[in-house]
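The structure is given below, and queries will be raised subsequently.
Heavy atoms only: backbone and side chains are in, while hydrogens, waters and symmetry mates are out.
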Amino acid sequence: MKSLPYFSRGEVVRGFGRGSKELGIPTANFPDSVVEHLPGDISTGIYYGWACVGSGDIHKMVMSIGWNPYYKNTKKSMETHVIHTFKEDFYGQILSVVMVGYIRPERSYDSLDALIAAINHDIEEAKRNLELPEHIKLKEDNFFRATASTSMTTSNKIMNGH
């Protein structure tokens, strides 16, 4: 995937409502306008990288891009699990992410427990991979500093690129 690392920014919108409630793994969802602008070589699957909500701290993350076969979604989504415990929801805030690596393709599972186990495995793999020096340096990218130093105008609410 020559588009990695891939930088993306957008407003957090309500998703399917399953992350926290059904899976115990909260996710932040990008609007369709961000999902629709993904480059063609960013295939569906599970990615890892760095994420920042608003002008807050930068945390490790995993992201699912695709149709979530277990749930048979008909709409493609980008669902980010920021590996951090937040005190409250952050709908409407700006989420900035850099996807730095690919873990696996999306797949269906025989049970909810199997899906949750796979997600937890993905989280552990992301944590390990993000300790590599080539990935740590992306945590310090100017992309994240730009969000902290500028006000969020309409022009910088949606951003995709590398």
Side-chain angles (χ1 to χ4, degrees), residues 1-13 15 19-20 23-66 68 76-107 116-162:
M1 284 175 232
K2 60 183 182 270
S3 291
L4 295 180
Y6 186 76
F7 298 83
S8 192
R9 177 177 293 138
E11 185 176 339
V12 177
V13 298
S20 293
L23 302 172
I25 303 164
T27 59
N29 297 272
F30 279 117
D32 294 343
S33 57
V34 174
V35 179
E36 292 164 0
H37 287 93
L38 284 169
D41 75 322
I42 299 283
S43 61
T44 61
I46 311 304
Y47 293 81
Y48 62 91
W50 300 103
C52 176
V53 177
S55 59
D57 293 336
I58 300 161
H59 301 284
K60 296 174 179 177
M61 67 86 175
V62 291
M63 177 187 290
S64 170
I65 298 177
N68 301 315
K76 188 175 182 181
S77 65
M78 290 172 71
E79 298 177 273
T80 304
H81 171 67
V82 182
I83 304 171
H84 176 75
T85 302
F86 291 90
K87 292 179 183 156
E88 54 193 37
D89 289 337
F90 43 86
Y91 295 116
Q93 293 194 47
I94 300 300
L95 176 65
S96 301
V97 301
V98 57
M99 299 182 316
V100 302
Y102 181 77
I103 296 176
R104 63 175 176 82
E106 63 177 348
R107 58 178 75 110
I116 293 168
I119 294 169
N120 284 321
H121 182 269
D122 297 336
I123 290 168
E124 292 307 312
E125 186 169 339
K127 287 178 181 177
R128 280 191 308 275
N129 290 343
L130 287 165
E131 292 300 320
L132 297 170
E134 63 267 27
H135 296 327
I136 290 174
K137 71 180 182 180
L138 286 162
K139 181 180 181 182
E140 304 304 323
D141 194 275
N142 286 335
F143 171 72
F144 292 114
R145 282 194 277 277
T147 27
S149 64
T150 60
S151 63
M152 288 295 139
T153 62
T154 302
S155 64
N156 64 5
K157 279 191 177 179
I158 299 170
M159 181 272 188
N160 283 25
H162 59 273

Give a yes/no verdict on a cation-pi contact between Arg128 and Tyr48, requiring under 6.0 Å between NZ or CZ and the six-membered ring centre and an angle within 45° of the axis.
->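 Verdict for Tyr48: no cation-pi partner in Arg128.
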Next on the checklist: Taking side chain to side chain contact (heavy atoms under 4.5 Å, CB included) as the criterion, tell me which of Asp122, Ile119, Val62, Ile83 meets it with Ile25.
Outcome noted: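 Going through Asp122, Ile119, Val62, Ile83 one by one, the side chain to side chain contact (heavy atoms under 4.5 Å, CB included) with Ile25 is satisfied by Ile119 alone.
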**Q.** Closest approach of Ile58 to Lys139 (non-hydrogen atoms, all atoms of both residues)
**A.**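 Nearest heavy atoms, Ile58 then Lys139: CD1-O, 3.2 Å.
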Using 0.5 Å steps for rounding, measure from the CE atom of Met61 to the OG1 atom of Thr80.
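Answer for the CE-OG1 pair, Met61 versus Thr80, is 5.5 Å.
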Closest approach of Ile103 to Glu125 (non-hydrogen atoms, all atoms of both residues):
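Heavy atoms of Ile103 and Glu125 come nearest at CG2-OE1, 3.5 Å.
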Side chains of Val34 and Pro31: closer than 4.5 Å at any heavy-atom pair?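 A side-chain contact exists here, since the closest heavy-atom pair is under 4.5 Å.
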Margin query: I'd like to know if the side chain of Trp50 reaches the main chain of Val100, judged simply by a donor and an acceptor atom lying under 3.5 Å from each other, with no hydrogens or angles considered.
Written below: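 Not a single qualifying donor-acceptor pair exists.
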*Rounded distance [0.5 Å steps], CE in Met63 versus CD in Glu79*: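 That separation rounds to 10.0 Å.
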task = Enter the distance from Glu134:CD to Ile136:CD1 here, rounded to the nearest 0.5 Å.
result =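 Rounded to the nearest 0.5 Å, the CD-CD1 separation comes to 9.0 Å.
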Fill in: Parallel, tilted or perpendicular, as decided by the 30° and 60° cut-offs, for the rings of His84 and His59
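Aromatic pair His59/His84 classed parallel.
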Exercise for the section: With rounding to the nearest 0.5 Å, note down the distance linking CZ in Arg104 to OG in Ser64. Expected result: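 If we round to the nearest 0.5 Å, Arg104:CZ and Ser64:OG are 7.5 Å apart.
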- When rounded to the nearest 0.5 angstrom, what is the spacing between CG in Leu38 and CE in Met78?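 These two atoms lie 4.5 Å from each other.
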* Test Ile42 against Ile65 for side chain to side chain contact (heavy atoms under 4.5 Å, CB included), laying out the working first. => CA-CA 9 Å; Ile42 299 283; Ile65 298 177; 3.8 Å; yes
Which atom names give the shortest non-hydrogen contact between Pro5 and Val98, and what distance separates them?
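Looks like CB-CG2, 3.8 Å.
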* **Sidechain-backbone polar pair: Arg145 side chain, Glu140 backbone, donor-acceptor under 3.5 Å** =>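 It does hold such a pair.
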If you count every heavy atom of other residues, nucleotides or ligands that lies below 6.0 Å from His121 atom NE2, does the total exceed 12?
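It does not: His121 NE2 has 12 such atoms or fewer within range.
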Notebook entry, point to check: From Phe143 CZ over to Leu138 CG, what is the distance, rounded to the nearest 0.5 angstrom?
Noted result: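 Those atoms lie 11.0 Å apart.
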**Message:** On a heavy-atom basis, which atom in Phe144 and which in Cys52 lie closest, and how many Å separate them?
**Reply:**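 That would be CD2-CB, 3.6 Å.
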Fill in: Verdict with supporting geometry, Val12 and Val53, side chain to side chain contact (heavy atoms under 4.5 Å, CB included)
CA-CA 9 Å; Val12 177; Val53 177; 5.7 Å; no
Candidate list Asp32, Leu95, Asn29, test side chain to side chain contact (heavy atoms under 4.5 Å, CB included), partner Val13, passing option
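Exactly one candidate clears the test, Asn29.
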Exercise. What pair of heavy atoms forms the shortest contact from Gly10 to Phe30, and how long is it?
Worked result: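 Shortest heavy-atom separation between Gly10 and Phe30 comes out as N-CE2, 3.3 Å.
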Could you report the tightest heavy-atom contact between Leu130 and Gly49, atom names first, then the distance?
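The answer is CD1-O, 3.1 Å.
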